[in-house]
Structure formats: C-alpha cells, structure tokens
Amino acid sequence: AFIGWPTDDFMTDQQDARAVRLAEQILQNRLTDKFRVEKGLTYSPSTDYVSSTVFPHYGFVAAEVETPPANIEAFFADTQSIATDIATNGVTADDMQRARAPRIETLSRAQQSNNAYWLSALGGAQTDKRKLTLIRDTITGLQKVTADDVKRAAAKYFLPARAWKMTVTPQ
C-alpha cells in the first residue's frame with residue numbers, strides 16, 4: 001500500500017522544503033510506532049520525501065508498507081490520521097529531536113567522507129549558483145526549522161483531499 005501527497009520543489013522555498021523533510025521524518029517515526037510497535041501489522045513501514053532541485057513545483061511525501069491486504073485500509077487510515085495530527089496539533093520537542101538529529105548526523109558524515117554525496121550535491125552548480133548556497137545551508141537550515149514550521153508545512157501539504165493511494169494485492 002502506498003499513500004502520497006504532492007509538495008513543492010526544493011528551490012522555491014528551501015526552508016519550507018526542510019520543514020517538509022522533518023514532517024516526513026516525524027511521520028515515519030510515528031507510523032513505525034503505531035503500525036509496527038503498537039499494532040504489529042508490519043515490520044517496516046517507510047516514508048520518503050522527494051523535492052526536485054531541477055523541476056519547478058515537483059515534490060511529494062509518501063508512505064508505504066508491505067502488509068496483508070486486510071491491513072491496507074488501517075494503514076491508510078493510520079497514516080492520514082498521523083499526518084493530520086501533525087498538521088493540526090503540531091509536534092513535540094522529542095519529535096523534532098528524533099527527526100532532526102539523525103538527518104544532520106547523516107548529512108555531516110556524508111559531507112566529510114562520501115564522494116557520491118559531493119558528486120550529487122555539486123551537480124549543476126556551475127550553472128545554478130543556488131546549489132552552492134543549498135550545500136552551505138543544508139545543516140544550518142535544518143537546525144533553524146521550528147516545530148511551528150513543521151506544523152505549517154504539514155497543514156499545507158498533508159491534506160486528505162490531495163492524498164493519492166495505490167494498492168497492489170494478490171488475486
């Protein structure tokens with residue numbers, strides 16, 4: 001089962017994109033807590049966030065799970081409920097820490113020792129100077145995202161009417 005919401009590209013509003021990234025990470029953490037730990041309906045629900053640095057207004061947040069067909073509607077309901085809760089009630093300091101710290105740690109390590117990171121990050125920088133700013137501001141930008149920013153981003157994008165769903169089931 002797969003559910004996704006359209007978002008925006010990264011370059012239009014980089015701080016908004018960073019807030020969406022943390023909202024996606026919080027969705028991941030809460031979905032794991034609910035669907036795996038509490039309900040035991042799957043081992044690995046996952047989320048993803050794509051925000052283009054090339055194509056204007058292209059981005060999405062998605063959640064997916066492998067689970068027996070009988071659990072699919074519960075997955076959709078739980079995922080939208082969590083997304084709506086983030087948008088309506090906001091997030092806690094613990095949510096922010098659990099989302100932000102691993103992201104910053106991963107980025108720090110990649111910047112220090114991962115050539116693939118630099119090949120990807122620097123791609124197109126000779127023609128689009130914003131990409132150099134993006135690299136310089138990646139970690140500090142994430143550190144500046146507030147809980148209110150995450151709530152605002154979730155309210156903007158995690159709308160039930162804009163969600164699209166897909167299921168793949170055996171016949």
Side-chain angles (χ1 to χ4, degrees), residues 2-37 42-66 79 82-83 85-87 89-159 162-163:
F2 183 96
I3 182 172
W5 301 267
T7 62
D8 208 345
D9 66 275
F10 195 90
M11 302 310 261
T12 296
D13 184 340
Q14 293 181 14
Q15 277 309 106
D16 180 66
R18 290 180 181 110
V20 176
R21 167 61 76 190
L22 292 182
E24 174 263 329
Q25 292 292 297
I26 292 166
L27 178 67
Q28 167 73 51
N29 292 339
R30 289 187 183 183
L31 189 56
T32 299
D33 292 346
K34 179 78 166 185
F35 210 68
R36 178 173 112 184
V37 176
T42 190
Y43 182 74
S44 58
S46 64
T47 61
D48 194 14
Y49 174 48
V50 173
S51 62
S52 181
T53 58
V54 176
F55 300 108
H57 309 296
Y58 177 76
F60 64 88
V61 170
E64 63 183 298
V65 66
E66 288 185 32
T79 304
I82 292 166
D85 183 63
I86 294 168
N89 299 316
V91 298
T92 66
D94 182 59
D95 285 327
M96 292 294 289
Q97 178 65 19
R98 288 177 60 204
R100 187 184 348 243
R103 185 80 186 141
I104 289 174
E105 177 64 27
T106 298
L107 286 166
S108 289
R109 267 189 273 133
Q111 288 178 348
Q112 292 172 20
S113 62
N114 189 328
N115 287 337
Y117 167 84
W118 288 108
L119 286 171
S120 175
L122 291 170
Q126 73 278 10
T127 57
D128 187 349
K129 301 299 182 213
R130 298 175 304 167
K131 291 191 175 188
L132 295 175
T133 302
L134 184 147
I135 294 167
R136 287 184 198 105
D137 296 345
T138 296
I139 292 174
T140 58
L142 276 172
Q143 291 168 333
K144 291 177 184 176
V145 175
T146 68
D148 285 340
D149 295 333
V150 170
K151 180 181 178 183
R152 197 169 19 262
K156 181 177 179 181
Y157 298 114
F158 292 169
L159 304 172
R162 295 190 70 205

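Reckoned from all heavy atoms, side chains included, excluding hydrogens, waters and symmetry mates.
- A pairwise comparison of heavy atoms in L31 and A63 identifies CD2-CB, 4.0 Å as the closest pair.
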Intermediate values then yes/no, side-chain contact (heavy atoms from CB on, under 4.5 Å), L22 and Y49: CA-CA 10 Å; L22 292 182; Y49 174 48; over 6 Å; no
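- Side-chain atoms of T106 come within 3.5 Å of backbone N or O of P102 as a donor-acceptor pair.
- In terms of modelled atom types and a separation under 3.5 Å, the side chain of R103 and the main chain of Q25 share no donor-acceptor contact.
- Checking side-chain atoms of Q28 against main-chain N and O of P45 turns up a donor-acceptor pair under 3.5 Å.
- In this structure, D95 contributes its side chain and T92 its backbone to a donor-acceptor pair below 3.5 Å.
- Interatomic distance, L132 CG to L122 CG, rounded to the nearest 0.5 Å: 7.0 Å.
- Taking a 6.0 Å sphere around CD of Q97, one finds it holds 12 or fewer heavy atoms contributed by other residues, nucleotides or ligands.
- How far CZ of F2 is from OG1 of T79: 11.0 Å, rounded to the nearest 0.5 Å.
- Using a 4.5 Å heavy-atom cutoff, the side chains of V20 and F10 are not in contact.
- To the nearest 0.5 Å, the span separating CG on L27 from OG on S46 amounts to 10.5 Å.
- Using a 3.5 Å distance cut-off with no hydrogens or angles, the side chains of D149 and T146 do pair a donor with an acceptor.
- Side-chain atoms of M96 and I26, non-hydrogen and from C-beta on, do get closer than 4.5 Å to each other.
- Minimum interatomic distance between W5 and L159 (heavy atoms only, all atoms of both residues): CD1-O, 3.4 Å.
- In this structure D9 satisfies the salt bridge (charged side-chain N to carboxylate O under 4.0 Å, His left out) test with no other residue, sequence neighbours excluded.
- There is a side-chain donor-acceptor pair under 3.5 Å between Q15 and R18.
- To the nearest 0.5 Å, atoms OG1 (T133) and NZ (K131) are separated by 12.5 Å.
- Considering only heavy atoms from C-beta on, F35 stays 4.5 Å or farther from I82 through its side chain.
- Ion pair R98/D33 flagged as a salt bridge, since at least one NZ, NE, NH1 or NH2 atom sits closer than 4.0 Å to an Asp/Glu carboxylate oxygen.
- To the nearest 0.5 Å, atom CD1 of residue I139 and atom CD of residue Q111 are 4.5 Å apart.
- Considering only heavy atoms from C-beta on, V91 comes within 4.5 Å of R30 through its side chain.
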Verdict with supporting geometry, L107 and L142, side-chain contact (heavy atoms from CB on, under 4.5 Å): CA-CA 10 Å; L107 286 166; L142 276 172; 3.6 Å; yes
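- Nearest approach of Y157 to R162, heavy atoms of both residues: CD2-NH1, 4.5 Å.
- Heavy-atom contacts from other residues, nucleotides or ligands closer than 6.0 Å to CG of D94 number more than 12.
- With hydrogens and angles ignored, the 3.5 Å screen pairs a side-chain donor or acceptor of R100 with a backbone N or O of Q143.
- Judged as a ring-ring contact (aromatic ring centres under 6.0 Å, His included), and not counting sequence neighbours, F60 has no contacts.
- You'll find the side chain of D48 stays beyond 4.5 Å of the side chain of E64, heavy atoms only.
- The closest donor-acceptor contact from the side chain of E24 to the backbone of V61 lies at 3.5 Å or more, if one exists at all.
- The pair K156-D8 does not meet the salt-bridge criterion, since no charged nitrogen lies less than 4.0 angstrom from a carboxylate oxygen.
- Of all non-hydrogen atoms in A153 and D16, the two that sit nearest each other are CB-OD1, 4.2 Å.
- The shortest non-hydrogen separation linking R36 to T42 is CG-O, 3.2 Å.
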